[in-house]
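Read the structure below first, then the notes.
In the text below, chain A, chain B and the rest are named by the order of the sequence lines, each starting its count at 1.
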Amino acid sequence: MSSLDVSGKTIELDEDGFLKNMDDWDKEVALALAKTENVDMTEAHWEVVNFLRDYYQEYKIAPMIRILTKAIGKAFGKEKGNTKYLYELYPAGPAKQACKIAGLPKPTGCV
Amino acid sequence: MLHIVNKSPFKFRNLDSCLRIAKDDDPIMLIEDGVYAALPGTTLDRMMKEALKTHSVFAIQADLKARGVDRIIEGIQVCDYSCFVTLVEKHVPYSWL
Amino acid sequence: MKFGILIQEGPYNHQASDSAYNFILASLAKGHEISGVFFYNDGVINTTKLMDIPADDRNISKRWSDLGAKGVQLIVCVAAAKRRGISQNVLIENARIDGLGQLSELCIESDRLVTFGD
Amino acid sequence: MEETKPRKIMFVNRKAPHGSIYAYEGLEVILIFGAYDQEISAVFLDDAVLSLKKGQDTTELGTKGFSATFRVLESYGVEKRYVDKESLAQRGLTEDDLVVDVEIVDAAALRKVMGEQDVLLPF
């Protein structure tokens, strides 16, 4: 996979399906990216994606999963602040799937 | 703590920083271009002699030899890699890179 | 004792690899264990087998590989390696590309961590 | 060696950002170490205090800015963050010029805390 067609525009992707150009992101692109991951975007999904984008905007990195769960719990309620919840939304892993849909760079995932 | 300094003190301020932070009695290991600090009769002579009052200072023999530094400030100890290892056994090392 | 070694600088450009190597040999000779050598920053360039060295100079990557053959772990940081074009295809024998977490492990399990760099 | 006791690991940052990659790649290491439940601390000494300066904008360089990322250190488990007072003063900076909440320490305090570490990592 190397590109995505979104309402007539061609969006370039890297070899793992992440946006090559972060500026290409908008809601429509996010929905198209979600489709490539077989994720049906509900409000709960958007909550995580928007959170990730805000976090990246502020700190210039995507948070590690451990940090993400903690922060999600703090922002949206305890019942959401756990790995299980995030994996239910993003079965292939929130770091990989949610970051991709949020248009963030591929996490280096060194741990 | 063992302070490892690998930079020429004539170009960089690493040795200055090291001497400012080093605790009395902390040993200082000069390696690579750091061994130029052992040259006698330089503009840093006084600083080094002052440092020797509170620290033991070592310089790697192979580095001195490679650079033709055959006279060194009195009190600085010539040290081979095995002696370097012994210092690391005794102290937590930090490299002032 | 167990010594971990961190190398932050590339070969030839800087003496760091040579100093580290000499330190490791002296440590082994004294009966210490080298718990691992971690290559970070430009240090990852130590581990490409594509080096082509004149006969009258030391071959730094071969030196590391030979040390690896003696059982010393050689760990190349994946993130730093990716940036600098070091991949499995060009990696010397007896080294492995792994995560930064391995440096953390090295700090935890070694009695001393010694850094060589610029 | 006791296996269960967390190790005291300190990142001693001394290099300026942008001119070389050390400050950035050093930060990448710090963020990973936070996950290992050790006693992690970071000190900013000499030119590294410039990494924390407010108002950095790298867009014209075409490189990724990372001064904002230092603000996550606390949540990533870096319990103590020190800045050397003299290094700030040498560069005409005060605490108000920095993007993060840190503890400003003098050489004596730094000497003491550095002397207590099991591992000192230079970046």
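- Within a 6.0 Å radius of CG in Asp40(A), other residues, nucleotides and ligands contribute 12 heavy atoms or fewer.
- The 12-atom threshold is not exceeded at NZ of Lys70(A), counting heavy atoms of other residues, nucleotides or ligands nearer than 6.0 Å.
- A distance of 12.5 Å separates CG in Leu31(D) from OH in Tyr59(A), rounded to the nearest 0.5 Å.
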Please lay out, stage by stage, how Val72(D) and Ile67(A) fare under the test side chain to side chain contact (heavy atoms under 4.5 Å, CB included).
CA-CA 10 Å; Val72(D) 305; Ile67(A) 306 292; over 6 Å; no
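- Gln57(A) CD: 12 or fewer foreign heavy atoms inside a 6.0 Å radius.
- Chain A is approached within less than 4.5 Å, heavy atom to heavy atom, by Ser75(D), Tyr76(D) from residues 74-97 of chain D, ordered by number.
- For residues 49-71 of chain D, a heavy-atom distance under 4.5 Å to chain A picks out Lys64(D), Gly65(D), Ala68(D), Thr69(D), Arg71(D), given by residue number.
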Under 3.5 Å, which donor-acceptor pairs link side chains of residues 116-123 of chain D to any protein atom two or more places apart or in another chain?
{"from": "Glu116(D)", "atom 1": "OE2", "to": "Lys112(D)", "atom 2": "NZ", "distance (Å)": "3.1"}
{"from": "Gln117(D)", "atom 1": "NE2", "to": "Val113(D)", "atom 2": "O", "distance (Å)": "3.1"}
{"from": "Asp118(D)", "atom 1": "OD2", "to": "Lys8(D)", "atom 2": "N", "distance (Å)": "2.9"}

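- Within the structure, the ring-ring contact (aromatic ring centres under 6.0 Å, His included) test picks out the following pairs touching residues 30-49 of chain A (sequence neighbours left out): His45(A)-Tyr90(A).
- Remark: Asp106(D) CG is packed, more than 12 non-hydrogen atoms of other residues, nucleotides or ligands lying under 6.0 Å away.
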